[in-house]
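What follows is a set of notes on a single structure, which appears directly below.
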Amino acid sequence: AMDGNRAFVRIIGRGSFKVSTSLKQFGEAAIQRDIDEVVLDMSECIGMDSTFMGVVAGLSVRMRKQNGGRVYMIHLTRKTRALLSTLGLDQVVEVVEGESGQPAPGGMLQPLDNPYETRVDTTRTMLDAHEELVRMNPENLPRFKDVLTYLREDLKRVREDQQNST
């Protein structure tokens with residue numbers, strides 16, 4: 001949901017590569033509308049993968065550059081809070097501890113679905129997310145060096161397959 005100068009997203013289940021392209025597109029739309037706060041409600045999130053965290057990091061960095069905006073994560077569990085710290089996201093995202101934090105306006109939330117997402121879109125999002133994690137914290141490079149190599153090769157392969165089928 002977008003309301004005034006805030007955007008709200010509730011993560012239900014796992015924050016993963018499966019929802020990352022939709023989240024990235026929502027974030028880009030929020031930036032274009034000059035939204036200066038994105039609130040991620042993590043109360044129903046059971047875990048996050050590196051693609052999801054990279055998308056969140058990229059959104060936070062772009063918002064700060066664009067208009068001084070911020071990304072807030074509220075209602076984190078001990079587990080999801082630890083995941084942020086592991087990759088250094090707690091340095092670029094505002095973490096609101098405890099039960100405080102502004103919930104999304106009731107009834108405004110709509111699913112972030114992208115029925116037209118292609119494998120190229122997903123792979124590109126995954127690659128961009130992992131590159132962002134390394135830009136944000138160079139200590140992440142050893143963690144993701146092989147992943148980055150694989151995703152670059154996979155993106156090239158997927159694009160070639162797409163060109164050959166047209």
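Just so it is clear, the values below take in all heavy atoms, side chains as well, and ignore hydrogens, waters and symmetry mates.
Rounding to the nearest 0.5 angstrom, the gap separating the CD1 atom in Ile46 from the CD atom in Glu44 is 11.0 Å. Going from atom CG of Leu40 over to atom CE of Met73 covers 5.0 Å, rounded to the nearest 0.5 Å. Note: Asp3 CG to Ile35 CD1 = 8.5 Å, rounded to the nearest 0.5 Å. To the nearest 0.5 Å, the span separating CG on Leu89 from CE on Met48 amounts to 7.5 Å. Considering CZ of Arg143 and OG of Ser50, their distance stands at 10.5 Å, rounded to 0.5 Å.
In this structure the side chain of Ile74 reaches within 4.5 angstrom of the side chain of Val39, judged on heavy atoms. Leu148 has its side chain within reach of Leu141: a pair of non-hydrogen atoms, C-beta onward, lies under 4.5 Å apart. By the 4.5 Å heavy-atom criterion applied to side chains, Phe52 and Ile11 are counted as neighbours. No side-chain heavy atom of Gln91 sits less than 4.5 Å from a side-chain heavy atom of Met136. Contact of the Leu151 side chain with the Leu155 side chain is not registered, since no non-hydrogen atoms from C-beta on lie closer than 4.5 Å. With contacts defined as side-chain heavy-atom distances shorter than 4.5 Å, the pair Cys45/Ile12 does not qualify. Counting heavy atoms from C-beta outward, Asp34 and Asn5 have side chains that stay 4.5 Å or more apart.
Take Glu131 and apply the side chain to side chain donor-acceptor pair (under 3.5 Å) test, not counting sequence neighbours, and it matches Arg152. Applying the side chain to side chain donor-acceptor pair (under 3.5 Å) rule to Arg14 yields no partners; only residues at least two apart in sequence or on another chain are considered. Residues satisfying the side-chain contact (heavy atoms from CB on, under 4.5 Å) criterion with Glu160, sequence neighbours excluded, are Lys156. For Val158, the side-chain contact (heavy atoms from CB on, under 4.5 Å) partners are Arg119, Val120, Asp154, not counting sequence neighbours. Partners of Arg135 under the salt bridge (charged side-chain N to carboxylate O under 4.0 Å, His left out) rule, at least two apart in sequence or in another chain, are Glu132. Partners of Ile31 according to the side-chain contact (heavy atoms from CB on, under 4.5 Å) rule, which considers only residues two or more places apart in sequence or in another chain, are Leu59, Arg62, Met63, Gln66. With sequence neighbours left out, Thr86 forms a side chain to side chain donor-acceptor pair (under 3.5 Å) with no residue at all. Not counting sequence neighbours, the partners of Asn137 by the side-chain contact (heavy atoms from CB on, under 4.5 Å) test are Glu139, Asn140. Taking Asn67 as the reference, nothing meets the side chain to side chain donor-acceptor pair (under 3.5 Å) condition, with sequence neighbours excluded.
Each salt bridge (Lys or Arg N to Asp or Glu O under 4.0 Å) pair with one or both residues in residues 78-93, not counting sequence neighbours, appears once here: Arg81-Asp90, Arg81-Glu97. Under the salt bridge (Lys or Arg N to Asp or Glu O under 4.0 Å) criterion, no residue pair touches residues 45-56, with sequence neighbours excluded. Every pair passing ring-ring contact (aromatic ring centres under 6.0 Å, His included) that includes a residue from residues 133-157 is listed here, sequence neighbours excluded: His130-Phe144.
Taking a cutoff of 4.0 Å between a charged side-chain nitrogen and a carboxylate oxygen, Asp161 and Arg157 do not qualify as a salt bridge. Between Asp128 and Lys24, at least one side-chain N (NZ, or NE/NH1/NH2) sits under 4.0 Å from a carboxylate O, which counts as a salt bridge. Ion pairing between Glu37 and Arg70 fails under the 4.0 Å rule for side-chain N and carboxylate O.
Thr122 and Thr125 share no donor-acceptor pair across their side chains, judged by distance under 3.5 Å alone. Side-chain atoms of Thr149 and Asp146 form no donor-acceptor pair, as typed in the model, at a separation below 3.5 Å.
In terms of heavy-atom proximity, Phe26 sits nearest to Phe8 at CZ-O, 4.1 Å. Minimum heavy-atom separation, Arg64 to Val93: NH2-N, 4.5 Å.
Counting only distance, with no hydrogens or angles, the side chain of Ser20 and the backbone of Ser16 share a donor-acceptor pair below 3.5 Å. Here the side chain of Ser60 pairs no donor or acceptor atom with the backbone of Val56 at under 3.5 angstrom.
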